[in-house]
Amino acid sequence: MNTPDPALQLHWTENDEARSCRWHSESGAPAPKRVQIADDRMNVETAYKLACEGTALLWRGDYHNAKQLLQALARRIDKKPARASKKAKVPESAKEAFNLHRQAQSQRARVLAMVLIPFEADYRITLRRAPDVTLACREVYGEPSTAFVASLRELLGLIGAHEWRKNGVEIAALSAKIHPYYGVFSPVRGEYIDLLAKAPLPSTTLAFDIGVGTGVLSALLAKRGVKKIIATDQDQRALACARENIDRLGLSGQIELMQADLFPPGRAPLIVCNPPWLPARPNSPIEYAVYDPDSRMLRGFLAGVAEHLEPQGEAWLVMSDFAEHLGLRAAAELQGWIDAGGLTVAGKMDIKPRHPKSTDENDPLHAARVKEVTSLWRLKLK
């Protein structure tokens with residue numbers, strides 16, 4: 001008989017009895033080692049102290065009170081005491097500001113993940129006033145199997161993702177909606193889509209879309225008249241998301257999906273890629289859509305695209321220069337990788353971001369955000 005993985009089992013004592021249950025974390029976090037039963041009588045200061053010490057709180061009270069406690073914990077974390085503010089380290093560079101910001105984000109996530117919710121084998125939550133979360137759980141976790149425990153913060157993320165998936169994101173360039181899945185980057189930053197909608201097409205016969213995500217860029221190319229698009233992704237959830245969106249838009253006859261690391265076989269006159277923009281380590285698997293450790297995908301695309309590009313074709317690289325303004329990548333590095341890949345810049349289209357953080361002066365990375373430019377690099381073979 002196989003011994004259960006300790007990282008996937010949660011252990012606690014309740015009513016003087018040792019108990020255990022399957023642990024689930026979509027981010028891959030191990031089960032907390034210390035667990036305490038908590039209910040409506042617990043106040044936020046006690047909860048905050050226990051969570052900061054690494055003790056998880058397995059909730060047995062009212063579901064809505066658990067949500068209120070989580071909200072209060074978030075306010076407690078975000079509230080900076082005057083004494084702490086005076087002692088806080090002032091970052092000496094944009095890169096240091098980014099690293100401190102990521103550390104704070106990681107610590108905040110760890111503390112907020114300490115409020116735990118028990119699930120029955122059919123995804124029911126047997127707490128007072130608990131909602132029916134069956135559909136949201138099925139969309140992410142798949143078919144139910146056994147009872148388990150997960151963090152309330154993760155559950156709220158599932159519920160939020162379910163609403164995004166159900167309602168969709170309006171894409172002006174498509175005159176339609178794209179419906180993102182949990183863990184698949186939502187196309188809420190429309191400026192890069194606008195660039196792709198305006199760039200002159202080198203051909204309408206065939207295009208490769210590298211890293212398809214929700215399928216939004218493939219759909220836009222199809223709407224612009226490209227007859228055949230082969231779209232790749234490594235992630236099964238992204239491929240399923242793209243398939244649903246493509247089918248919903250009636251574009252399945254033009255777009256073929258393929259699981260691959262970067263390129264499909266063959267060559268195309270147009271190859272499009274919108275890789276993660278920041279060369280930093282993700283805190284969870286879900287963050288791989290934003291963070292590309294050591295610029296692996298970006299460098300892989302630029303190093304390999306020449307082998308898949310037709311002689312007079314173009315490779316469109318959609319990138320933000322946010323990493324340069326944060327000091328995470330030198331400005332000359334991108335040009336160096338383009339040169340090393342046997343490519344030359346045929347043109348470049350720029351646009352300023354429009355997302356809310358770009359104008360938020362309280363954002364810790366505001367100094368870099370105000371300088372950010374999103375670009376579509378039109379690359380050709382040398």
Evaluate the side-chain proximity of [Y] to [X]: yes if any heavy-atom separation is below 4.5 Å, no if none is.
X      : Y      : value
Trp377 : Met349 : no
Leu334 : Ser295 : no
Trp12  : Leu10  : yes
Pro276 : Met297 : yes
Val212 : Ile255 : no
Ser25  : Glu154 : yes

Check this for me, if you would: do [X] and [Y] make a salt bridge, where the nitrogen-to-carboxylate-oxygen distance has to be below 4.0 angstrom?
X      : Y      : answer
Arg60  : Glu14  : yes
Glu310 : Arg267 : no
Arg76  : Glu45  : yes
Arg237 : Asp235 : no
Asp294 : Arg299 : yes

Got a sec, which residues hit salt bridge (Lys or Arg N to Asp or Glu O under 4.0 Å) with [X], two or more places apart in sequence or on another chain?
X      : value
Arg243 : Asp247
Lys198 : none
Glu324 : Arg329

* **Derivation and outcome, side-chain hydrogen bond (donor to acceptor under 3.5 Å, both in side chains), residues Gln259 and Gln234** => CA-CA 5 Å; Gln259 186 171 20; Gln234 291 191 97; over 6 Å; no
* Going by the ring pair (Phe, Tyr, Trp, His ring centres under 6.0 Å) test, name the single residue among Tyr63, Trp59, Trp23, Phe148 that passes it with Phe119. =>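 Running ring pair (Phe, Tyr, Trp, His ring centres under 6.0 Å) over Tyr63, Trp59, Trp23, Phe148 with Phe119 returns exactly one hit, Phe148.
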* So which pairs with a foot in residues 214-231 pass salt bridge (Lys or Arg N to Asp or Glu O under 4.0 Å), sequence neighbours left out? ->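 Of all non-adjacent pairs touching residues 214-231, those that pass salt bridge (Lys or Arg N to Asp or Glu O under 4.0 Å) are Lys228-Glu256.
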* Asked: Are any side-chain N or O atoms of Lys352 and backbone N or O atoms of Thr374, one a donor and one an acceptor, separated by less than 3.5 Å?
  ->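 Here the side-chain-to-backbone pair does not exist.
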* To do: Can you run down the ring-ring contact (aromatic ring centres under 6.0 Å, His included) pairs that involve residues 201-222, sequence neighbours left out, and say none if there aren't any?
  =>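 Sorted pair list comes back empty.
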Taking all non-hydrogen atoms of both residues into account, name the closest pair between [X] and [Y] and its distance.
X      : Y      : result
Glu372 : Ser320 : OE2-OG, 2.6 Å
Lys95  : Gly327 : CD-O, 3.5 Å
Leu158 : Cys137 : CD2-CA, 4.0 Å
Val226 : Ser203 : CG2-O, 4.3 Å
Ile210 : Pro264 : CD1-CD, 3.9 Å
Thr232 : Phe263 : CG2-C, 4.4 Å

* List the steps and the verdict of side-chain hydrogen bond (donor to acceptor under 3.5 Å, both in side chains) for Tyr181 and Glu244. => CA-CA 10 Å; Tyr181 281 19; Glu244 183 176 308; 2.6 Å; yes
* To do: Compute whether any side-chain donor of one residue and acceptor of the other, for Asn362 and His366, lie under 3.5 angstrom apart.
  =>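 Their side chains do not contain a donor-acceptor pair, so the 3.5 Å distance test is not met.
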* Euclidean distance, Leu278 CG relative to Arg102 CZ, rounded to 0.5 Å ->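 Answer rounded to 0.5 Å: 8.5 Å.
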* To do: Over 60° means perpendicular and under 30° means parallel, so classify the ring planes of Tyr141 and His24, tilted if in between.
  =>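 Aromatic pair His24/Tyr141 classed perpendicular.
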Report all side-chain donor-acceptor pairs from residues 125-135 shorter than 3.5 Å, counting only partners two or more places apart or in another chain.
| from | atom 1 | to | atom 2 | distance (Å) |
| --- | --- | --- | --- | --- |
| Arg128 | NH2 | Asp40 | OD2 | 2.4 |
| Arg129 | NE | Asp62 | OD1 | 3.4 |
| Arg129 | NE | Asp62 | OD2 | 2.8 |
| Arg129 | NH2 | Asp62 | OD1 | 2.9 |
| Asp132 | OD1 | Thr134 | N | 3.0 |
| Asp132 | OD1 | Thr134 | OG1 | 2.7 |

